[in-house]
Asker: 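One structure is given below, represented as structure tokens, and several questions about it will come after.
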Number of protein chains: 4
Amino acid sequence: MERRPGRPREERVTGAVLSAVLDLVAEQGLGAVTMDAVAARAGVSKPAIYRRWPGKHDLLIAAAETRIGTLSVPDLGDFRAELRAVLDARLQAYRMPGTVQLLAGLIAASQEGGEAQGAYRRYVTRIMGETRKVLERGIARGDVRAGVDVRAAATLVAAPMIFRLVIEQELPDEPFAAEVTDMIARAVGAPA
Amino acid sequence: MERRPGRPREERVTGAVLSAVLDLVAEQGLGAVTMDAVAARAGVSKPAIYRRWPGKHDLLIAAAETRIGTLSVPDLGDFRAELRAVLDARLQAYRMPGTVQLLAGLIAASQEGGEAQGAYRRYVTRIMGETRKVLERGIARGDVRAGVDVRAAATLVAAPMIFRLVIEQELPDEPFAAEVTDMIARAVGAPA
Amino acid sequence: MERRPGRPREERVTGAVLSAVLDLVAEQGLGAVTMDAVAARAGVSKPAIYRRWPGKHDLLIAAAETRIGTLSVPDLGDFRAELRAVLDARLQAYRMPGTVQLLAGLIAASQEGGEAQGAYRRYVTRIMGETRKVLERGIARGDVRAGVDVRAAATLVAAPMIFRLVIEQELPDEPFAAEVTDMIARAVGAPA
Amino acid sequence: MERRPGRPREERVTGAVLSAVLDLVAEQGLGAVTMDAVAARAGVSKPAIYRRWPGKHDLLIAAAETRIGTLSVPDLGDFRAELRAVLDARLQAYRMPGTVQLLAGLIAASQEGGEAQGAYRRYVTRIMGETRKVLERGIARGDVRAGVDVRAAATLVAAPMIFRLVIEQELPDEPFAAEVTDMIARAVGAPA
DNA sequence: TAATAACCGAGACGGTACGTCAAGTCTTCGG
DNA sequence: CCGAAGACTTGACGTACCGTCTCGGTTATTA
């Protein structure tokens, strides 16, 4: 195990900063997420933040990752059930205060095209990976049509919840998740 | 016809400003859309801009409206065809340079919650209205299932294209539109 | 009379900033002369300061100029009297609170070699000009030796007071001025 | 002979640091004399520096002392000759690259009023001590007027060279030294 | 021989200031 | 009243430096 020389970074700082970002977003919205405010809230100096993340965008992405990390759906033996599980997991994540603002900030940040963009791309890929697995499992199992374009279908699954939340600015609820589950099951499910 | 006293507003300004916003976004990205930059590019003074739009957010929304304005799909006698028409119209709009950044900026701006938010909401509602009409026409016609939740379905239609563009950061293409058309037709179409 | 377009600069700002610098130096020393502190004290914004002076060094020089501006000694008919007048004028200037710190800051600032250096050089030249005039007047009058190197003599006149103040860190007093007057009069005066 | 326990300090460090300060000042000016830069240049760590000098000011003073250390003028039997020897010694010291900046830095540092100030005062006193000795020797010998204020005269001797260098920002040369010698000899010398 | 204490390089830390930039307002002039 | 031009406030940005502290490791003196 290689060890870099010099004083090691304090773990406390990383966690405190990310928490501060989430708190500020939840309590006062995206506009309150100032580097100074984050530093003050976290009880940390600005340079300590910039040592970890090259810019505000990267920090936002990192904060978002702690919110909507990798979710993992086990094999439930049924595509519809797994699909619902995926959507329910998202539902929970989106219900947490500040998630909308965080996502909105993330989207804006991802357009700048610095080092942040790579991290963002990897993040999105990772997020959608589980949905693809569920679809592929369904195909293997036979309750998803063999001809389905998996990538397009994954988009169809992931999009509505975020759209409702971020574009329509309305918290998606369970009836909505149920409705989406039903429609997508019809869209990609194997005919009886 | 009432006439305010003093020098009337020059029509030239409004157009020049909106064009400047679109140009800047397309050429240099969202970060280049500064009020000063817009003013300089449009050959216009800043006060002239603020006289027309109360803030940057509103200006962004106005610029977005010129891009993805109201689209109107005529009755083609077939839901699937009309759905495809809706998606193709979006496809064209999204293909124009700078649309991604514009949308991203719009999303970020919409979170601030000033006067702009109302305009944003009206804009989104208007955008989705046509899709709802198409769905309702399909129900009336009988080629869309009667039990479909129209609002949820409208979200299902609008979301994938924007998601692919803004979240996945990939330009949606015609095969994708075709695939989505097919899936949604299965999702909400009346069974044969 | 040419008039630049746009809103003219407020005279208030320039004066308020220079006063703020002098006040801060006098009250809390050189270390308290922060651009933020100056801005706050002057009731002015930082950009307004940077519009007028390219950096902190230039601001310091400008502030020093208001303190030890051009002094003018009239023809008193006697070299010794005029010499004493020059030294007394300096004495008064140096007695004002904060002058030491200001001079020390000036010296440090003058080493950086930006645009500030030119201003500094002009300032020093101007300061020493009056002393040279006094010397030249003395030569013409005959109570200063004809062979005296005027530039060297001017340095001999200007140096002791500043040295005592800045290097020895002691406020020069009248006995000191009298002693210096006497010694320099002997050094450059014409023999009786 | 008391010996502190633990690993003794490496002599190498002290010398390397002082050299680094002098080199940096000479090559890139006062602004380049950063504690980090000094440490890097000397191949030494920052704590190793702070173990030896309590702060930057003290380090600057220490560096200056290596440049303009104690000079000792032997009894040459003649005031004028000794005076010239003093000024020539200074001339040599001032000619070394970076001395101006070093002095300027010293002056600025001496205003801060920490622990460094004491060291600075002692340094100045020591520097001027030799000049006082020369003057007192002259009085005893009889080639300096008995009534001369020794302290004021010492200032008169020390000031012009530094003033020319630091304030006028011009390297004092031998003609200047000769001229100053002549004038001061007239100022304080005993009449023939 | 082992323990201890002070040293060493490397580098992260808090704090504070710097100089810049953008948003939105205000002021001058001329049309 | 509208227009351009540009100065203004506010407040955030990202960077630089200072002096301290924490590592892992080394070197000498003491037990």
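Reckoned from all heavy atoms, side chains included, excluding hydrogens, waters and symmetry mates. Since the structure is predicted, the reported quantities are computational estimates derived from the model, not experimental observations.
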Asker: With the side chain of C/R7 defined as its heavy atoms from C-beta on, choose the nearest nucleotide among F/dA28, E/dC7, E/dC26.
Answerer: E/dC26
Asker: Can you tell me whether the side chain of A/K46 and the base of E/dG14 have a donor-acceptor pair closer than 3.5 Å?
Answerer: no
Asker: Closest approach to the side chain of D/V44, judged atom by atom: which nucleotide of E/dG9, E/dA10, F/dT15 is it?
Answerer: E/dG9
Asker: What's the CH2-P distance between B/W53 and E/dG24, to the nearest Å?
Answerer: 14 Å
Asker: When rounded to the nearest 0.5 angstrom, what distance separates CG in B/L24 from OG1 in B/T34?
Answerer: 8.0 Å
Asker: Of the candidate nucleotides F/dG6, F/dC18, F/dG3, which contains the atom at the shortest distance from the side chain of B/A48?
Answerer: F/dG3
Asker: When you check the gap from the basic side-chain N to the acidic O, do D/E27 and D/R41 get nearer than 4.0 Å?
Answerer: yes
Asker: Can you see which heavy atom on D/A104 is nearest to which on C/I107, and at what distance?
Answerer: CB-CG2, 3.7 Å
Asker: Looking at F/dT20, E/dA23, E/dC7, which one has an atom nearest to any side-chain atom of D/R51?
Answerer: E/dC7
Asker: Compare the minimum distances between each of E/dG9, E/dG19, F/dC21 and the side chain of D/R12, then state the nucleotide with the smallest one.
Answerer: E/dG9
Asker: C/E10 CD to E/dT25 P: how many Å, rounded?
Answerer: 17 Å
Asker: Report the distance from atom NE2 of B/H57 to atom OH of B/Y120, rounding to the nearest 0.5 Å.
Answerer: 12.5 Å
Asker: For the atom pair CD (D/Q117) and OG (D/S110), what is the distance rounded to the nearest 0.5 Å?
Answerer: 6.5 Å
Asker: Can you tell me how far P of F/dA7 sits from CD1 of C/I49, to the nearest Å?
Answerer: 15 Å
Asker: Could you give the OH-to-P distance, from A/Y50 to F/dC17, as a whole number of Å?
Answerer: 17 Å
Asker: For the pair made of CE in B/M35 and C1' in F/dG6, what is the distance, rounded to whole Å?
Answerer: 16 Å
Asker: Return the 5'-most residue of the pair C/A37, B/T34 with respect to DNA chain E, ranking by each residue's nearest nucleotide.
Answerer: C/A37
Asker: How is A/R9 classified with respect to the nucleic acid when contacts are heavy atoms under 4.0 Å: base, sugar-phosphate, or nothing?
Answerer: sugar-phosphate
Asker: When you measure from the side chain of D/P47, which nucleotide among E/dC18, F/dC21, E/dT28 comes out closest?
Answerer: F/dC21
Asker: Looking only at side-chain atoms of C/D36, point me to the closest of E/dC18, F/dG19, F/dA5.
Answerer: E/dC18
Asker: Rounded to the nearest 0.5 Å, what separates atom OG1 in C/T99 from atom CG in C/L22?
Answerer: 8.5 Å
Asker: Looking at every non-hydrogen atom in both residues, tell me the closest pair between C/T66 and C/A63 and how far apart they are.
Answerer: OG1-O, 2.6 Å
Asker: Taking for each residue the nucleotide of DNA chain F bearing the nearest heavy atom, is the 5' side occupied by D/P54 or by A/V33?
Answerer: A/V33
Asker: Looking at DNA chain F, which of residues 55-67 of chain D put a heavy atom within less than 4.0 Å of it?
Answerer: D/K56
Asker: Base, sugar-phosphate, or nothing for A/G31, non-hydrogen atoms under 4.0 angstrom?
Answerer: nothing
